[in-house]
Each structure stands twice: as C-alpha cells, then as structure tokens.
Amino acid sequence: MNNRQNLMEDIDHILISKEEIEQAVKRIGEKINADYHGKEPVFICILKGASVFFTDLIRQVQLPIAIDFMAISSYGKSTKTSGVVRILKDLDHDIQGKDVIVVEDIVDSGLTLTYIKKTLTQRGASSIRIATLLDKPERRQTELSVDYKGFVIPNEFVVGYGLDYNELYRNLPEIGVLKPRIYNDIQ
Ligand code: 5GP
C-alpha cells in the first residue's frame with residue numbers, strides 16, 4: 001500500500017461539505033422525532049459504512065431508542081456490486097414486534113437493503129423504515145422505498161464520512177469523489 005501523506009490528495013473534488021452533512025443529519029433527525037413520537041424505535045446500523053452517519057443521527061433523536069449493529073458483505077476492493085449479500089455480523093437483539101429504522105450510508109443498486117428488509121420482515125419487525133445519507137437512484141436494480149435520505153448524488157464513486165475505498169477514507173469529515181488513478185493503482 002502507498003504511504004499517503006494526505007488523504008485529501010486522492011480526492012478529485014468535494015461533493016458534500018461538513019456543514020451540508022450536518023444540516024441533512026439534523027433534518028432527518030427532526031423528521032424521525034416527529035414521525036416516531038410516542039414510540040421506541042430500534043436503530044440498526046449497517047457496518048461499517050453507516051457508522052459515522054449513525055452516531056451523528058442518533059444524537060439528533062430525542063426518543064427512547066435502542067441501537068443494534070449488523071455487518072454484511074460488501075464490494076471488497078471492487079467499486080461494483082456483486083449482488084451477493086451475506087450477513088457477517090448479526091443483530092444482538094430480537095426485533096420481533098419492534099419498529100425498526102435501518103441506517104445505511106448509501107443506496108446504490110438497492111440489493112443490500114432489499115435483502116436486509118426481507119430478513120427483518122421475516123423476523124417479525126412490526127415496521128421497517130430506511131434512513132440513508134446518500135442515494136444513487138440511477139443505479140437502482142430493485143424496487144426499494146427509501147424513507148429518509150440526505151442527498152441524491154450522481155453515479156460517481158464517493159468516499160468519506162464512513163464510506164471507504166479499500167478501507168481508507170472513512171475518517172474524512174466530508175464526502176468526496178476519488179481520483180480515477182486510485183482505482184487504477186489498486187485494481
Ligand atoms: P447496493 O446493494 O445498494 O448496491 O450497495 C450498497 C453498498 O454499496 C453501500 O453500503 C456501500 O458499501 C457500497 N457503495 C455503493 N456505492 C458506493 C460509493 O459510491 N462509494 C462507496 N464507498 N461505497 C459504495
């Protein structure tokens with residue numbers, strides 16, 4: 001692996017700033033507060049990509065919530081979906097009869113969340129909604145309703161604010177588009 005002095009050197013341009021992310025997270029949190037008034041939803045974080053969004057989002061919520069985590073297989077080093085979804089880490093708690101909010105970093109083909117939604121339905125969740133920071137609707141391969149979304153973005157591979165390429169860039173506080181040479185170096 002290259003020694004990178006500065007991760008920002010790999011970023012072609014910033015797509016979404018820290019301030020814009022902050023406002024979107026606040027807006028989604030307020031909407032959830034209103035929609036779930038009187039309820040005790042369970043927030044499920046889809047690891048690892050949604051982790052940064054998740055921790056910011058739950059702090060905007062003023063309801064008695066529970067949290068849980070799930071890890072599923074993703075693209076690995078490639079930037080393209082494989083369509084194969086596998087649970088690497090399952091929930092710790094039973095969600096039967098619970099109102100569930102699944103928190104994801106980005107919806108691309110929609111295959112991952114379609115699978116997760118089906119699994120949680122089979123486990124008897126009483127309602128399931130999806131909150132995603134980013135949405136790439138152009139790439140959708142399934143019918144999937146996204147209930148809360150931060151930004152609709154073009155079909156570009158983005159990193160930062162939890163999203164990685166080859167496990168790097170998750171700690172960038174904004175969302176950026178990677179320089180094409182980065183893919184060419186690694187693939
Ligand atoms: P889907 O099943 O909707 O195609 O894939 C969703 C997952 O693909 C996301 O959770 C994320 O891990 C990955 N993904 C899709 N697009 C991007 C992208 O532009 N950047 C990064 N870093 N991951 C992406």
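Whatever order the structure lists them in is the order used to number ligands and atoms, beginning at 1.
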Exercise for review: Mark yes when over 12 heavy atoms from residues, nucleotides or ligands other than Lys98 sit less than 6.0 Å from its NZ; otherwise mark no.
Suggested key: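 No.
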Check your understanding: Between Lys179 and Asp12, is there a salt bridge with N-O shorter than 4.0 Å?
Key ->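 Judged by the 4.0 Å cut-off on N to carboxylate O distance, Asp12 and Lys179 do not form a salt bridge.
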Review point. Salt bridge or not for Asp108 and Arg139, using N-O below 4.0 Å?
Key: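 Yes, Asp108 and Arg139 are salt-bridged.
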Would [X] count as a contact of ligand 1 if the rule is a heavy atom under 4.0 Å away?
X      : result
Glu156 : yes
Gly49  : no
Lys136 : yes

Exercise for review: Write down the atom of Val103, the atom of Ala50, and the distance for their closest heavy-atom approach.
Suggested key: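 The answer is O-CB, 3.3 Å.
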Report yes if [X] has an N/O atom closer than 3.5 Å to an N/O atom of ligand 1; otherwise report no.
X      : answer
Val159 : no
Tyr165 : no
Leu113 : no

**Study point:** Polar side chain donor-acceptor pair, Gln122 to Thr119, under 3.5 angstrom
**Key:**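 There is no such pair between these side chains.
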Practice item. Report yes or no: do Asp105 and Tyr161 form a side-chain donor-acceptor pair below 3.5 Å? Key: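 Per modelled atom types, Asp105 and Tyr161 side chains form no pair under 3.5 Å.
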Compare [options] and give the one whose heavy atom is closest to [atom].
atom                    : options                       : answer
atom 6 (C) of ligand 1  : Ile175, Ile106, Ile46, Leu178 : Ile106
atom 1 (P) of ligand 1  : Gly160, Ser109, Gly162        : Ser109
atom 10 (O) of ligand 1 : Asp164, Leu47, Asp105, Leu111 : Asp105

**Study point:** Parallel, tilted or perpendicular: ring planes of Phe54 versus Phe43, cut at 30 and 60 degrees
**Key:**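 If you compare the ring of Phe54 with that of Phe43, the planes turn out perpendicular.
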Please could you name the atoms of ligand 1 that [X] approaches to less than 4.0 Å, counting only its heavy atoms?
X      : answer
Thr112 : 1 (P), 2 (O), 5 (O), 6 (C)
Val158 : 18 (C), 19 (O), 20 (N), 21 (C), 22 (N)
Leu163 : 20 (N), 21 (C), 22 (N), 23 (N)

Review point. Listed by chain and number, what are the side chain to side chain donor-acceptor pair (under 3.5 Å) partners of Lys48, not counting sequence neighbours?
Key: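 Testing Lys48 for side chain to side chain donor-acceptor pair (under 3.5 Å), a comparison that skips the adjacent residues, returns Glu167.
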Exercise for review: Check Glu104 against ligand 1 and report side chain, backbone, both or neither, counting heavy atoms closer than 4.0 Å.
Suggested key: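 The answer is the side chain of Glu104.
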Point to revise | Check: Lys136 side chain, Ser109 main-chain N or O, donor-acceptor pair, under 3.5 Å | key: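 Such a contact is absent between Lys136 side chain and Ser109 backbone.
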